[in-house]
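Below is one structure, written out as structure tokens, with a few remarks after it.
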Number of protein chains: 2
Amino acid sequence: MSKEATKDALLAAARSEFAAHGIAGARVDRIAERAGVNKERIYGYFGSKEKLFDRVMEVVLDEMAEVVAMPGDDPVEYVGRIHDFYLAHPELIRLMTWESLHYREDALEGQHERIARCAAKAESLAAGLGREPSPDVARTMMTLIGLAAWPMVMPRLGRIVVGEEFGGEEGHLRMREHLVDFVRAALGRDADGGTAENSTGSTDGSTGNAGSAGNAEESGDGDAR
Amino acid sequence: MSKEATKDALLAAARSEFAAHGIAGARVDRIAERAGVNKERIYGYFGSKEKLFDRVMEVVLDEMAEVVAMPGDDPVEYVGRIHDFYLAHPELIRLMTWESLHYREDALEGQHERIARCAAKAESLAAGLGREPSPDVARTMMTLIGLAAWPMVMPRLGRIVVGEEFGGEEGHLRMREHLVDFVRAALGRDADGGTAENSTGSTDGSTGNAGSAGNAEESGDGDAR
DNA sequence: ACCGTAACCAACTATCTAGTTGGAAGTCAA
DNA sequence: TTGACTTCCAACTAGATAGTTGGTTACGGT
């Protein structure tokens with residue numbers, strides 16, 4: 001096994017382990033075992049458990065930036081898309097959440113580039129909104145990401161607030177529709193986007209929009225907790 | 001020291017410890033020490049570290065329900081209010097977050113009553129929105145909570161997306177305004193009172209037209225499942 | 001005072017865990 | 001082959017940690 005392959009195996013194993021148990025809960029022995037590599041390699045290549053976590057997070061943050069990329073021409077459907085992605089890749093959002101709890105002020109490697117890249121994305125969103133790039137557009141982007149991710153971040157709260165029907169495939173679909181509608185209203189986009197459906201200020205039909213959404217799921221990514 | 005006082009001291013200490021370090025990261029010795037109580041009492045009264053965490057969470061969830069209570073007559077300012085509360089009580093949101101990562105399907109004690117109580121709140125929100133209580137109103141409530149909490153849940157993401165100015169008192173204030181505007185637009189409530197002078201100026205665009213948008217949707221076929 | 005019950009605690013233990021060590025097995029060049 | 005270098009690993013260690021134990025102190029009734 002080459003050096004790189006070993007490192008990759010460790011990173012992949014660490015990713016699952018950290019996603020499932022967080023930093024404190026993760027066990028280096030489990031990581032090594034799952035990677036089929038001797039534990040000592042973790043220290044040889046990464047230095048410590050925590051540094052390994054940081055390396056994992058750097059990759060994850062980049063992926064995150066990738067996903068969140070290109071709000072494209074339709075900020076509304078954008079939210080649906082992110083939502084679906086998070087739903088299909090729970091471990092991504094779990095890692096983000098662990099990281100946020102760990103949150104130390106000192107930046108992760110490459111933070112600066114990530115910020116820069118993100119600024120580019122915000123420009124794209126600004127274009128989609130027909131506005132100039134500005135901190136406020138960036139805040140909108142932050143908010144859209146939050147809306148899409150929230151149901152997956154706080155499942156128990158969801159069950160408390162929404163009730164039993166929060167969960168399940170059906171529940172997720174309903175939530176998705178709700179989010180898309182919410183954002184549509186917030187951004188004041190009455191169907192100007194190419195979507196076929198009539199925006200209907202007046203409720204009723206409801207379902208119409210969800211259909212337009214282009215696929216929803218695609219379950220992938222095993223790694224359940 | 002009476003039994004109750006000891007238990008309370010332990011719960012309070014546990015709350016800080018768990019908020020700071022999570023379940024796996026928390027140390028029972030630290031909890032006992034901070035409570036000024038012998039560690040063994042934790043096992044005597046609560047059974048285990050994990051059960052202690054559950055007890056803490058039951059209290060926290062109740063508080064959460066309390067805060068989230070009474071959307072009252074103005075759903076828009078409601079979001080600002082929750083936002084401020086979370087900002088002022090970070091440990092509450094941290095505990096919620098740890099818990100969500102821990103998430104085991106089996107409900108915490110009293111989950112049912114919490115759900116019931118929350119349903120009552122949703123009714124209040126429905127009234128504020130001028131709509132009938134429905135699962136969709138509950139979803140709106142979930143979304144509003146998410147909007148208010150998101151910046152505190154994902155500070156690092158905030159810094160990446162929004163940039164340096166995300167943090168600090170100024171940053172929080174800006175975010176708050178943004179959120180309130182966003183919700184106002186989404187719920188189609190024109191500004192009544194003199195809230196929020198629009199600092200960013202950005203705001204305007206949406207508010208106007210969004211008013212028309214009115215409500216979002218109500219799913220036709222009642223409840224699934 | 002006496003007794004039973006319940007709160008309390010110092011010290012202990014069995015286990016677990018991050019991190020280390022010293023050397024074996026490959027790799028490549030001369 | 002030799003020798004320098006790198007990747008790899010089984011076994012080890014020092015310290016931490018959740019959970020126990022056995023006994024002591026406070027308390028409330030009779």
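Basis for what follows: all heavy atoms, side chains included, without hydrogens, waters or symmetry-related copies. In what follows, chains carry the letters A, B, and so on, assigned in the order in which the sequence lines appear, proteins first and then strands, with residues in each chain numbered from 1.
Remark: C1' of C:dA18 and CZ of A:Phe18 are 12 Å apart, rounded to the nearest angstrom. Taking atom NZ on A:Lys51 and atom P on C:dA18, their separation rounds to 16 Å, with Å as the unit. C:dA7 atom C1' lies 12 Å from atom CG of B:Leu10, rounded to whole Å. Following rounding to the nearest Å, A:Lys49 (NZ) and C:dT20 (P) show an atom-to-atom distance of 14 Å. We find that CD of A:Glu33 is positioned 14 Å from C1' of D:dA10, with the value rounded to whole Å. Per the geometry, OH belonging to A:Tyr43 stands 15 Å off C1' belonging to D:dC9, to the nearest Å. Atom NE2 in A:His21 sits about 12 Å away from atom P in C:dA18, given to the nearest Å. Distance A:Leu52 CG to C:dG19 C1': 14 Å, rounded to the nearest Å.
In this pair, A:His178 and A:Phe182 present their aromatic rings tilted. The plane angle is within the 30 to 60° band. Aromatic ring pairs are classed by plane angle as parallel below 30°, tilted from 30° to 60° and perpendicular above 60°; the pair B:Trp98 and A:Trp98 is tilted.
For A:Lys39, taking side-chain heavy atoms from C-beta onward, the closest of the listed nucleotides D:dA18, D:dT7, C:dG19 is C:dG19. Distance from the side chain of A:Glu40 is smallest for D:dA10 among the nucleotides D:dA10, C:dA10, D:dA18. Considering only side-chain atoms of B:Asp29, the nucleotide from C:dG19, D:dC8, D:dA18 that sits closest is D:dA18. Across D:dA10, C:dT17, D:dA18, the shortest atom-to-atom separation from the side chain of A:Asn38 is found for D:dA10. For A:Arg41, taking side-chain heavy atoms from C-beta onward, the closest of the listed nucleotides D:dA18, C:dA18, D:dT7 is D:dT7. Of all nucleotides listed (C:dC9, D:dT7, D:dG19), D:dT7 comes nearest to the side chain of A:Lys3.
Using a 4.0 Å cut-off between charged nitrogen and carboxylate oxygen, B:Asp181 and B:Arg184 count as a salt-bridge pair.
The two residues A:Ala13 and A:Arg34 make their nearest non-hydrogen contact at CB-CB, 4.0 Å.
DNA chain C is contacted by both A:Gly25 and B:Lys7; B:Lys7 maps to the nucleotide lying nearer its 5′ end (nearest heavy atom per residue).
At a threshold of 4.0 angstrom between heavy atoms, the contacts of A:Ala24 with the nucleic acid are absent. Among the heavy atoms of the strands, none lies under 4.0 Å from A:Ala32. Among the protein residues, A:Tyr45 comes within range of the sugar-phosphate backbone only, with heavy atoms under 4.0 Å from sugar or phosphate atoms but none that close to a base.
Put simply, B:Thr6 has no side-chain N or O that comes within less than 4.0 Å of OP1 or OP2 on C:dA7. Distances shown here put every side-chain N or O of A:Arg27 at or beyond 4.0 Å from the OP1 or OP2 atom of C:dC16.
Between B:Phe18 atom CZ and B:His102 atom NE2 the span is 9.5 Å, to the nearest 0.5 Å.
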